[in-house]
S.K.: 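Have a look at this one.
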2 protein chains.
Amino acid sequence: MGDRTTIYDIAKRLNITAATVSRALSNNSKISKKTRELVFKTAEEMNYRQNKLALALKSGKSNNVGVIVPRIDRNIFSAVIRGIEENLHSEGYQVIICQSHDDEKLEIENIDALINAQVDGIIMSLTLETSEKNKAIKRIVKKGIPLIFFDRKKDIEGVSTVTINDFEGGYKATQHLIDQGCKEIAHLAGDFAIEIYEDRYKGYREALSDNGIEFREEFLIHTSSKVEDGQKATRALLKLKERPDAIFSASDFVALGAIQELRAQGIKIPQDFCVVGFSNEPFTKFMELSMSTIDQSPRDMGKIAANVFLEQVTNNDNVKIQKKVVLAPELLIRDSSSRLPIK
Amino acid sequence: MGDRTTIYDIAKRLNITAATVSRALSNNSKISKKTRELVFKTAEEMNYRQNKLALALKSGKSNNVGVIVPRIDRNIFSAVIRGIEENLHSEGYQVIICQSHDDEKLEIENIDALINAQVDGIIMSLTLETSEKNKAIKRIVKKGIPLIFFDRKKDIEGVSTVTINDFEGGYKATQHLIDQGCKEIAHLAGDFAIEIYEDRYKGYREALSDNGIEFREEFLIHTSSKVEDGQKATRALLKLKERPDAIFSASDFVALGAIQELRAQGIKIPQDFCVVGFSNEPFTKFMELSMSTIDQSPRDMGKIAANVFLEQVTNNDNVKIQKKVVLAPELLIRDSSSRLPIK
DNA sequence: CTGTTAGCGCGTTCAA
DNA sequence: TTGAACGCGCTAACAG
């Protein structure tokens with residue numbers, strides 16, 4: 001019933017040895033054309049399928065690649081995974097999904113589970129970093145398992161990264177606001193312990209300074225990435241003696257909260273106030289007043305991460321490949337910041 | 001370097017046998033407390049980790065569960081997967097993701113790849129069904145691999161299902177529109193070859209008839225689930241001599257298109273026209289005019305599907321378990337259909 | 001309570 | 001060109 005046919009079964013049927021069958025099937029050594037064809041034919045007849053598990057045990061390669069993300073039901077991550085899956089599946093790899101829930105302990109657990117499952121590679125987006133985790137990461141590297149960070153990266157010897165240029169994203173968003181005539185631009189930032197948020201902030205600062213605009217401490221507010229935080233922060237900004245006339249938010253959700261609060265206070269967007277978010281979450285496009293944002297091309301990010309893995313695993317030289325791919329962010333100008341008739 | 005320590009290594013160190021180590025580690029047979037502790041201690045010291053691959057080969061169980069969805073970057077599917085992962089990971093299973101892209105050939109490929117990888121179970125949401133695929137599904141059942149359909153199901157002997165009551169969803173949405181005073185309710189439907197769409201339609205019909213409202217052929221339009229299709233269909237509806245005054249759409253995206261078109265034509269929502277969608281896509285909540293919709297609690301769906309799998313795999317009786325879990329859809333009344341000051 | 005043996009299915013020596 | 005034998009790491013059957 002559930003019995004699989006093995007190479008032994010087909011060997012027996014053909015009165016040859018399993019080894020011969022194995023060789024014939026793998027097209028490798030010198031096998032007489034006759035027996036090879038015979039083997040293929042009866043393999044087909046008996047509906048033979050190679051047992052991946054045995055192969056994995058034998059070779060130490062599982063043909064699985066692990067992916068760790070904070071959570072899968074977030075557009076950027078599911079899109080990246082989609083890209084990864086698309087490029088890996090065609091190469092015979094299966095993708096194993098783990099969620100860290102931004103919980104470091106869980107993330108370490110996931111890492112060890114994947115190592116233990118002998119995945120051929122790990123592609124992940126980091127949560128906050130601590131020394132404990134660094135040890136877990138070292139374990140991956142030490143085992144010689146290809147490791148690739150995407151989005152939330154960290155510079156570690158032997159680890160490849162695929163990211164967008166967050167600095168440029170911050171710069172472009174801010175420059176765009178300035179181009180629209182905004183002078184007092186606030187920034188709703190993420191946690192600087194995560195590199196990408198610091199980079200976006202740096203881009204913001206650079207754009208300000210390149211345009212001779214002074215940075216104001218009170219225009220920088222740190223938030224989580226929840227909608228309510230955007231509302232709260234915006235309320236605070238509007239209470240200032242000198243109000244800003246634009247917001248660049250490092251998160252689309254926070255930018256949404258900002259827009260909600262602005263409209264609640266009767267402030268006209270984009271006439272009196274412009275807003276730009278970050279990530280191109282699907283809802284930004286569907287809002288009544290569509291939101292300008294930065295696209296991170298997450299699906300490409302996934303595809304590229306997958307390709308980097310493939311290069312690394314294909315590479316036979318014992319020279320370690322360590323790639324740093326940086327994608328260009330794309331500014332999407334939409335209603336929330338479009339004073340001029342662009343597009 | 002990358003060498004793992006095996007039970008042989010620790011057996012050698014302790015001058016005992018690998019079998020003893022295995023038994024001690026698995027806490028199973030009667031092992032002297034002393035040796036067990038000794039084994040655990042040195043296992044710890046030598047940083048032993050059980051080789052899942054060997055275990056898998058031996059037992060025929062991979063500890064992997066395959067999940068096939070049309071595409072992962074769609075809220076309902078990523079949310080379901082999130083739920084599945086959460087409930088399975090804690091039980092020691094890894095989740096393998098496959099995308100069918102609504103392409104039947106690819107879906108069959110995925111099925112065979114998963115069978116071949118000897119997953120312990122398959123949880124999937126079907127694309128369109130044909131005889132070819134039925135054969136592939138039979139292959140799963142025949143191998144005795146637990147199979148669970150979610151969302152898009154199909155009645156097959158030996159296959160469990162976890163779905164929402166789509167009929168009830170359609171009924172509730174329609175009844176709600178009637179309660180709002182709408183009399184001429186159109187339905188934008190999906191492909192009836194997929195059961196869930198037919199069920200939603202049937203619920204719509206039943207609600208109409210229960211309220212003594214006549215069904216009109218011209219108020220039923222089939223669409224894909226794209227925004228543009230919603231616009232197009234709505235345009236067609238508005239050209240009718242007798243226009244509808246409400247739309248129940250089987251898809252949030254299509255409902256969005258409808259709302260866009262209605263507003264473009266200057267029709268006031270919800271005063272002159274009400275709209276209800278289906279699926280509770282995240283954007284429905286964030287729209288300026290938030291959209292009423294039906295929530296499918298996809299995360300719960302995933303969790304339950306995972307649990308059904310666990311029950312099935314834990315079940316030792318050779319009685320086959322075949323569960324049919326039907327979740328209740330929840331109507332979320334929001335701006336697009338809320339004439340009365342509800343909530 | 002523990003050692004011995006065998007086998008899961010495959011690829012890969014070493015001989016022939 | 002093919003066969004025989006072995007090992008990947010683990011568990012289970014059968015002794016003792």
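Chain naming here is simple, since letters A, B, ... match the order of the sequence lines and numbering starts at 1 in each. As a basis for the values below, the full set of heavy atoms in this structure was taken, side chains included, without hydrogen atoms, waters or symmetry mates.
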S.K.: Sequence neighbours excluded, which residues qualify as side chain to side chain donor-acceptor pair (under 3.5 Å) partners of N307(B)?
M.R.: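 Partners of N307(B) by the side chain to side chain donor-acceptor pair (under 3.5 Å) criterion, ordered by chain and then number, come out as N87(B).
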S.K.: Is there a residue in residues 58-66 of chain A whose heavy atoms reach under 4.0 Å of DNA chain D, and which residues are they?
M.R.: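 Going residue by residue through residues 58-66 of chain A, the ones with a heavy atom under 4.0 Å of DNA chain D turn out to be K58(A).
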S.K.: Tell me every residue that passes salt bridge (charged side-chain N to carboxylate O under 4.0 Å, His left out) with K61(B), counting only those two or more places apart in sequence or in another chain.
M.R.: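 Here no residue qualifies.
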S.K.: Among dG3(C), dT2(D), dG9(C), which nucleotide sits nearest the side chain of T6(A)?
M.R.: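 Output: dG9(C).
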S.K.: Provide a list of protein-nucleic acid N or O atom pairs under 3.5 angstrom, restricted to nucleotides 13-16 of chain D.
M.R.:
from: dA13(D); atom 1: N6; to: R23(B); atom 2: NH1; distance (Å): 3.0

S.K.: Between the axis at one end of the helix from dC1(C)-dG16(D) to dA16(C)-dT1(D) and the axis at the other (five pairs apiece), what's the angle to 10 degrees?
M.R.: 40°
S.K.: For K323(A), what residues pass the salt bridge (charged side-chain N to carboxylate O under 4.0 Å, His left out) criterion, not counting sequence neighbours?
M.R.: E311(A)
S.K.: Return a table of donor-acceptor pairs under 3.5 angstrom between the side chains of residues 109-120 of chain B and protein atoms on other chains or two or more places apart.
M.R.:
from: N110(B); atom 1: OD1; to: H89(A); atom 2: NE2; distance (Å): 2.9
from: N110(B); atom 1: ND2; to: Q99(B); atom 2: O; distance (Å): 3.0
from: N110(B); atom 1: ND2; to: L106(B); atom 2: O; distance (Å): 3.3
from: D112(B); atom 1: OD1; to: R139(B); atom 2: NH1; distance (Å): 2.5
from: D112(B); atom 1: OD2; to: R139(B); atom 2: NH1; distance (Å): 2.7
from: N116(B); atom 1: ND2; to: Q50(A); atom 2: O; distance (Å): 3.2
from: D120(B); atom 1: OD1; to: S62(B); atom 2: N; distance (Å): 2.9
from: D120(B); atom 1: OD2; to: N63(B); atom 2: N; distance (Å): 2.8

S.K.: Got a sec, which residues hit side chain to side chain donor-acceptor pair (under 3.5 Å) with S78(B), two or more places apart in sequence or on another chain?
M.R.: none
S.K.: Return the set of residues passing side chain to side chain donor-acceptor pair (under 3.5 Å) with S100(A) (not counting sequence neighbours), or none when no residue passes.
M.R.: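 By the side chain to side chain donor-acceptor pair (under 3.5 Å) rule, S100(A) matches no residue at all.
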S.K.: Please list, chain by chain and in numerical order, all residues satisfying ring-ring contact (aromatic ring centres under 6.0 Å, His included) with F77(A), sequence neighbours excluded.
M.R.: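 Once residues adjacent in sequence are excluded, F77(A) has no partner under the ring-ring contact (aromatic ring centres under 6.0 Å, His included) criterion.
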S.K.: Please name all residues satisfying salt bridge (charged side-chain N to carboxylate O under 4.0 Å, His left out) with R49(B), sequence neighbours left out, ordered by chain then number.
M.R.: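 So R49(B) forms no salt bridge (charged side-chain N to carboxylate O under 4.0 Å, His left out) with any residue.
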S.K.: Checking Y93(A) now: which residues fulfil ring-ring contact (aromatic ring centres under 6.0 Å, His included) with it, not counting sequence neighbours?
M.R.: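 Expected list: F309(A).
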S.K.: Classify the nucleic acid contact of I7(B) as base, sugar-phosphate or nothing, counting any heavy atom under 4.0 Å across all strands shown.
M.R.: base
